[in-house]
Amino acid sequence: MKGEFMDAIARDDLYTPVEHALSELRRRRQDQALVSMVSEFLGGDIPEYLLRDDCFVLPRHIATPNNEALYVLGQANAHGALAVFSQDTSDRFTSVNNLKRRLARPEICEETPAGRVYRKIDILDVPAIEGQTLGEVRCRSGERLVEVHNRLFDRAASGRYLVADDAAWIDRNHRGDMVAHYRRFLALFVVHGILFEDFETADDPLFLQLYVRPLLAEMDQRWGYRPLIVRPYCRHSEPDERFDLSHDMNLLHRSTSPVDFINNWQFGIAASELAERPE
């Protein structure tokens, strides 16, 4: 089994094929010396869900059932793992960050005979919330942004999953110090879980080379293993960030009109806001 795993990752020195990740995690967990070394390095500060289950973890600022999250959920269901959507409600909102901006202006994707049609919904006043912690941001309806997106999960997702607020763990593990934090964060996925992440994005092309690869080399030298990282989209297709980060119109309101969709989820805006807009 180890030989098969090493052959698979040899074709991609960063990502593990999803079909090999869970069996490799379970194999590593049989190595008590490895488990002890990583646990000691982390000071025993390991999220409880990683100790209870085999977890596929997608870390995002706020958990929302976009196409990326539903892909991870589908993979977890298919492989018998728990999908964990880790969020950080103590992080601060900035419109400069693409992922945070999309939480404020969710994009809905509808498949039509002519192709995909995207529509944006403005659910809050972006300039007014700049710098606020995500946990305190409120939509025009008065509802907290976190509650809006988390409730969408409850209504749109199916299968076994957990939405976990890991803000306190991040606080304890060097929030704001990129290298020190990622050293501990990535260590969680050496033997305790599987990380779903894409470190090769146009938004931050240097992050992989400046931070991730040096830390992976450091872990390889320390333990002889790197974290288990899986791409959060089908590896046989080209990444399509706009689609991955959008929400499926059919899933979100199979039996309702756009007006009902807005009212049911209390987005607090007029139906005319459901229209295609530029970034």
Side-chain angles (χ1 to χ4, degrees), residues 9 14-29 34-35 38-39 41-42 44-91 99 103 134 146 149-150 153 157-175 178 181-201 207-208 211-212 215-216 219 223 225-235 244-245:
I9 66 170
L14 179 61
Y15 301 102
T16 301
V18 65
E19 60 268 25
H20 296 293
L22 191 54
S23 60
E24 173 63 11
L25 175 67
R26 289 169 175 167
R27 189 191 67 79
R28 292 183 187 186
R29 284 181 169 174
L34 175 63
V35 173
V38 176
S39 298
F41 173 79
L42 290 166
D45 192 0
I46 301 164
E48 185 64 27
Y49 54 78
L50 291 176
L51 299 175
R52 291 195 311 261
D53 285 284
D54 296 331
C55 297
F56 285 6
V57 182
L58 178 69
R60 291 296 178 257
H61 306 290
I62 294 177
T64 189
N66 57 20
N67 288 310
E68 174 188 63
L70 295 181
Y71 172 79
V72 175
L73 178 58
Q75 291 299 313
N77 289 341
H79 290 87
L82 174 68
V84 177
F85 301 98
S86 171
Q87 59 187 15
D88 177 13
T89 57
S90 292
D91 199 2
L99 294 177
L103 292 169
L134 295 176
V146 174
H149 285 283
N150 288 178
F153 241 118
S158 61
R160 204 164 68 98
Y161 70 91
L162 171 70
V163 173
D165 190 346
D166 285 321
W169 189 91
I170 295 170
D171 287 339
R172 294 193 304 270
N173 289 273
H174 307 288
R175 179 188 293 277
M178 188 74 72
H181 173 69
Y182 266 87
R183 178 177 287 116
R184 296 179 67 81
F185 174 70
L186 290 174
L188 291 173
F189 304 101
V190 171
V191 72
H192 291 97
I194 297 168
L195 173 65
F196 276 70
E197 187 56 275
D198 184 4
F199 288 113
E200 299 171 286
T201 64
F207 184 78
L208 173 62
Y211 297 103
V212 177
L215 287 172
L216 297 186
M219 293 177 188
W223 296 309
Y225 291 98
R226 293 171 294 181
L228 292 167
I229 305 172
V230 177
R231 296 181 189 273
Y233 54 83
C234 178
R235 68 189 180 98
D244 292 339
L245 299 181

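Quick caveat: nothing in here was measured; it's all calculated off a predicted structure. Here, residue 1 is the first one in the sequence, and each next residue gets the next number.
A donor and an acceptor atom, one from each side chain of Y233 and N67, are nowhere located under 3.5 Å apart.
Taking the six-membered ring where the residue is Trp, H79 and F56 present tilted rings, their angle falling between 30° and 60°. Using a 30° and 60° split on the angle between ring planes, F199 and F207 fall in the parallel class, below 30°.
Considering all non-hydrogen atoms of both residues, V146 and L134 come closest at CG2-O, 3.6 Å. In terms of heavy atoms, A164 sits closest to V84 at CB-CG1, 4.3 Å. Annotation for L58 and F196: closest pair CD1-O, 3.4 Å, computed over non-hydrogen atoms. L42 approaches A187 most closely through the heavy-atom pair CD2-CB, 4.1 Å. For S90 against D171, the heavy-atom pair with the smallest separation is OG-OD2, 4.5 Å. Across M219 and P227, no two heavy atoms sit closer than the pair SD-CG, 3.7 Å.
W169 places a side-chain N or O within 3.5 Å of a backbone atom of D45 that can act as its donor or acceptor partner. One N or O on the side chain of R29 and one on the backbone of V191 form a donor-acceptor pair closer than 3.5 Å. Remark: side-chain polar atoms of R28 are paired, donor with acceptor, to backbone N or O of V190 under 3.5 angstrom. Counting only distance, with no hydrogens or angles, the side chain of N150 and the backbone of A63 share a donor-acceptor pair below 3.5 Å. In this structure, R184 contributes its side chain and F41 its backbone to a donor-acceptor pair below 3.5 Å.
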Please lay out, stage by stage, how Y15 and D198 fare under the test side chain to side chain contact (heavy atoms under 4.5 Å, CB included). CA-CA 9 Å; Y15 301 102; D198 184 4; 3.2 Å; yes
Please lay out, stage by stage, how I170 and D91 fare under the test side chain to side chain contact (heavy atoms under 4.5 Å, CB included). CA-CA 10 Å; I170 295 170; D91 199 2; over 6 Å; no
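Taken from CD in E48 to CG in D53, the straight-line distance is 10.0 Å, to the nearest 0.5 Å. We find the CG-CZ distance between L70 and F153 to be 6.5 Å, quoted to the nearest 0.5 Å. Atom CG in L103 sits 5.0 Å away from atom CD1 in I62 (nearest 0.5 Å). The structure places NE2 of H192 at 7.5 Å from CG of L50, a figure rounded to the nearest 0.5 Å. Here CZ of R231 is found 10.5 Å from OH of Y71. Values are rounded to the nearest 0.5 Å. The structure places CD of E24 at 9.0 Å from CD1 of I194, a figure rounded to the nearest 0.5 Å.
Using a 4.0 Å cut-off between charged side-chain N and carboxylate O, E197 and R60 make a salt bridge. Here R175 pairs with D88 in a salt bridge; the nearest charged N to carboxylate O distance falls below 4.0 Å.
Side-chain contact check for V72 versus Y161: every heavy-atom pair is 4.5 Å or farther apart. Counting only heavy atoms from C-beta outward, the side chains of V57 and L188 never approach each other to under 4.5 Å. Under the 4.5 Å side-chain criterion, counting only non-hydrogen atoms from C-beta, D244 is not in contact with P232.
Atom OH of Y49 is surrounded by more than 12 heavy atoms from other residues, nucleotides or ligands within 6.0 Å.
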